[in-house]
Each structure stands twice: as C-alpha cells, then as structure tokens.
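Data first, discussion second: the structure below is written as structure tokens.
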There are 2 protein chains.
Amino acid sequence: MNEENERPRYLRIADALRTQIAAGELEDGARLPSIPEMVREHGIASSTAQRVINVLVSEGLAIAKPGSGTYVRTWPEKGYMVCSWHRNARGGSPFKLEMEGQGAQGNWDYESRTDRAPGAIRERLALDDPADDRPNAMHTSYLYRRNGRPAQLAESWEPLALTRHTPIVLPEDGPYAGLGVVERMRQIGVRVTHSNDDISARHITLAEAQRLEVAPGEIVLTRTRTYYADTLPVETADIVVPASLYTLKYGTSIWDEPAEERPQSA
Amino acid sequence: MNEENERPRYLRIADALRTQIAAGELEDGARLPSIPEMVREHGIASSTAQRVINVLVSEGLAIAKPGSGTYVRTWPEKGYMVCSWHRNARGGSPFKLEMEGQGAQGNWDYESRTDRAPGAIRERLALDDPADDRPNAMHTSYLYRRNGRPAQLAESWEPLALTRHTPIVLPEDGPYAGLGVVERMRQIGVRVTHSNDDISARHITLAEAQRLEVAPGEIVLTRTRTYYADTLPVETADIVVPASLYTLKYGTSIWDEPAEERPQSA
DNA sequence: TCGAATTTGTGCGTATGTATC
DNA sequence: GGATACATACGCACAAATTCG
C-alpha cells in the first residue's frame, strides 16, 4: 500500500507544515489547517490528521486550542541568565537583580518544608546516611517568573545541620528572606567561596510543562548547582529552564598559572 | 465516563510507568508491558495502549522495538566537559588533556580554510563589514572523538587580521598545532584573558546526527564560546555536544567584592 | 442568555504492514 | 514459518472548549 513512499503520511504532512513555518509562509500565530480541512485536502482519516497536530505540538512548533484551532507558536523574546560572576546581592535577590538588569520584572513563588534528602542529594551535600527518620534538609521548591510568565523551576536543598536554630532556616522567611544563598549564609558566618554547575538538557516532563506553561515536548536545560564554603557543600539545587526561553551565560577568567583545585561534584 | 478522574487514562498509565522508571523499579533496559498486556491489565483498547508507548518514547524514556517490546532507555555512560578554569595546556590540547583526566582517549579530525565570516560571526568577533571579497577569517571545522567515538562538533573562527603572516594562522598546523587557542595566541604575544559562553539546547539536525553517529531526534547542547584578550575577541566557536553523552561543568568563584565588568557577547 | 456550529481531545474497535524472535 | 509486538491508518463516538449568531 505504501508503494515507494517510505515516510508515513502523518509525518509527511507534518513535514510540509514544518517547512512552511520555517520558511516564514506561516507566521507566528497563523492558524494551521483544522482536522476536517486536512481530511478533505489529503483524503486522510480524522485520527490521522489529529496525529499531525500532535507531532507539531510535541515539537513545540504549534499550540492547539480546543474549540478554536491550532496555531503556529509565537516565540517570546529569548532572555538569558548570567550564571558566573556572582552578583553581590545586598538588598535584593540575585534573580530579581538579573531580571531588572535586563529591564524585566522578576518574582517567584516558593514552598519550603523540612525533608529527608534522597540519596543523590545526600551525596551532593556530603551528608551521612541518616540513622533515624528525622529530616536532615530544608527543601524549597521555586517557580520563578519573568514579567509574570513562568521562567524557571528550582528545587533547593540545604543541610539542616548548618541552618537549624538560625534565623535563615527558612530561605524565604525571616529577616534575610530572598537574598540568595551567598548572602544568607554570610549572616550565620558561613562564607560561600565557589559553586559548581553541571549542565545538561532533556525533554520536559508533563508536570514541568504544566508548571512552566509551555508545550509538552519542549526542551529544557537542566542545571545542578552546588554552593561550597571551601570544601563544605552548603546548598544544592536542581534548576530547570526551557531552552526556548533562556540562554545560560558563563564567563571564565584565564590566568597564566593553573587555577586552584576545587572540589567537583562528579 | 471520566467520573472524577480528570487526567486521561493513557496519561495516567504513562505517569505510573514513568514513576516506576524514576524510582528505579524499572531499570535501564527493562521491558515495559506490551500492548496486549496493558490491554488485559487495564481493560483499555490497544490503540490507547499504543498511545502510552508513544508518550514515553517521545519523552525519550523508552525505546520501542517492533517484534520485541518496549524497553526503558539505556543511557550511555555520560562523560563531562569541564568548561571553566582554563587548563594550562603546555604540551597538549585542552580536549586531549580533559579526556585523559577522565581515563579516556581523545583525538579529533579538522579542516581549515580561509573564509568570509557571516554576519553573526562578524558581530561576535567585532569585525567590520568587509569592503572587498577577501576572506577575513580562518574557519576550522572539528569533529572530536572520545575513545574513537564522535563526541563533539565545533566550528571555530579566528580573525585573519590577528593571525595572518604568523606561524599560528593554521590552528592545527605548524609548530604550535593543536595546543588550543590560549596557548597559540600567546605565541604571537596575544594574552587571552577570559571567555564567554552562551549555552542553549535544541534538537539535533540530520547532518549533525550523521556526523556524530547518534539518532536523529536526539537533543544537543549548543555552546557558543568567545575568547577575549581584554576587550578584543580573538576566537569564537559554535560547539555542539549530544546531551545524552555529555554534561557541561562550570565552576564559579565568589568574591566579596563585585567582579570586574567584562564584555558580554549579548 | 442561549444554543448551534466548529474544533480539539480522548477512547474504542479493526485492519494491515513490518520487524524481531 | 509462526508467533509476538510495534506502527500506521481507517472510521466512529462522545466530551469539552471556543466562537458566534
């Protein structure tokens, strides 16, 4: 039945639409053919036309709106996150300062609770395997927004051994709320000296797509960041940002002499 | 029919499997329930079971093999690239040293030619718009290998205004071949002071997938790196690495005083 | 305000092709 | 060759959201 056409019909039709989008014939926000239209134009079944839409949506090229139609995705202007050269954030959060530096507004939601750190986190924080059931870490979930739109997710972990019974136990509460790890730790006499970042990328999960209000199938940059006070890990975080929205920026200084050796997380 | 279950059945079943994978109950390479098995277990139609598989495969969590089954995706051992703290590479290439530090073998293919830098590259190198047709940059394409397997692609551009009539015009030829940008530039009295990296991610192109010998649909990390001698850009490169093979590592030092301002590429 | 038409989303069932074991 | 399993495609039904008269 397929004759010499190797590629399935639903992919060929998706290819054609993708090409039109790339060529600019279908601009941002343009309406794609509806399912009944595709059925008439190509002589396919409605379920096949539905798959065409699924492909484009899962690639992030289109947004489907039930009751309305499917539209070419309008890409927001790409922002960036400066990840190196720590900003001295006396009087404001690093995220907020970064956004304001770009002429945007930055704010965030969060939720903190004490928790038992899972194995991977214990390793990154150099925590011993716990003997009892008591929580050993403060776990905070963040949703950062840029101009009101979700921009970045983060799961942060801090060892309770360090912060218990201090005014900074809760990262987003108390006198030093929202100042960032470096500044908060300074308040209890812990001087953060450096951080290590591991960067990778993967497809977004459905849960993340919902929280970030982006299409499933989107690609996210994952950043695991650990702050150290010399050799002691004081915070570690899993950070997720949609690659379509942000670029990560790093700067590296180059000296003539080899840089001092510092602990790496891997 | 949905009663109080908001989430569609095929997504709930996919969620359950995803959870099992995340929890380690289903290990790499483990066989997922086949379509007929899911039909029996959950009382769903085969086409619905098929959709469960589609979801997991499109998320990169599983690989479907017709005639055999669907298997949890086996991720190859992940390597890493240390991107910060420049290695003083007297006597070896940075890439080779990095790989040897990981107990792996590093080598590369390359191809150099003089070229006219396109607009985006001219901007990154702060080159004037050329008045004539003469080439203004040395353009080198790299394919790096780790233990003989393709690992990383790079397109490097150096301004000919800097290197013309010097022994380092050709990055991979002459007395200082293969030593890396920092060391080569030192040979002509140019002291590289810092670099800026912009990191993003996207789907691999077909051409890249073929050169890197990975599956199309794979995700790649893109890294645009520019080296500076103070304010003067001396090299810029577009680097592409499969996210399934490598993690990028960055280290950041934190001082009490704000770091010196340095040119950013954007 | 209401209702009809449109459109996407989910799900069932069936048939056929093709790759693997 | 036969059994198994995934991939594509058809056709149908209904739900839910949107649009518009």
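Convention: sequence-line order gives letters A, B, ...; per-chain numbering from 1. Note: hydrogens, waters and symmetry copies are ignored here, and every other heavy atom, side chains too, is used. Note that the structure is predicted; figures quoted are calculated from it, not measured.
At the heavy-atom level, A/S47 lies under 4.0 Å from base atoms of the strands shown.
Distances from the side chain of A/A45 to the nucleotides C/dT14, D/dC10, D/dT8 place D/dC10 closest. Closest contact between the side chain of A/P8 and the listed nucleotides D/dA5, C/dG11, D/dA9 involves D/dA9. Closest to the side chain of B/P36, from the set D/dC10, D/dA5, C/dT8, is D/dA5. Each of C/dC12, C/dG9, D/dA7 was ranked by its minimum atom distance to the side chain of B/P66; first place goes to D/dA7. Candidate nucleotides D/dG11, C/dT14, D/dT8 were compared by shortest atom distance to the side chain of A/Y10, and D/dT8 ranks first. Between C/dG11, D/dA9, D/dA7, one nucleotide has an atom nearer to the side chain of A/R9 than all others, and that is D/dA9.
Ring geometry for A/Y144 against A/F95 counts as tilted: the plane angle lies between 30° and 60°, on a 0 to 90° scale.
The phosphate of C/dT8 has OP1 or OP2 within less than 4.0 Å of a side-chain N or O from A/T70. An OP1 or OP2 oxygen of C/dT7 is reached within less than 4.0 angstrom by a side-chain nitrogen or oxygen of A/R31. Under 4.0 angstrom from either OP1 or OP2 of C/dT10 there lies at least one side-chain N or O belonging to B/R51.
The CZ atom of B/R40 sits 12 Å away from the C1' atom of D/dT4 (whole-angstrom rounding). In this structure, CD of A/Q50 is placed 13 Å from C1' of D/dA15, rounded to the nearest angstrom. Rounded to whole Å, the distance from CD1 on A/I13 to C1' on D/dC10 is 14 Å. The interatomic distance linking A/L11 (CG) with D/dT8 (P) rounds to 6 Å, in whole Å. One atom, CD1 of A/I35, and another, P of D/dC10, lie 13 Å apart when rounded to the nearest Å. Between the CE atom of A/M38 and the C1' atom of C/dT7 there is a distance of 11 Å, given to the nearest Å. One can place CG of B/N54 at 10 Å from C1' of D/dT8, the figure rounded to the nearest angstrom. When the P atom of D/dA7 is taken as reference, atom CD1 of B/I53 falls 6 Å away, rounded to whole Å.
Note: B/N196 CG to A/K249 NZ = 6.5 Å, rounded to the nearest 0.5 Å.
No more than 12 heavy atoms of other residues, nucleotides or ligands sit less than 6.0 Å from atom CD of B/E27.
Along DNA chain D, the nucleotide nearest to A/S68 and the one nearest to B/K65 differ in position, and the one closer to the 5' end is contacted by B/K65. If A/G43 and A/G67 are placed on DNA chain D by their nearest nucleotide, the residue sitting closer to the 5' end is A/G43.
For A/Q102 and A/Y80, the side-chain atoms include no donor-acceptor pair closer than 3.5 Å. Judged by distance alone, the side chains of A/D197 and A/Y250 do bring a donor and an acceptor atom under 3.5 Å apart.
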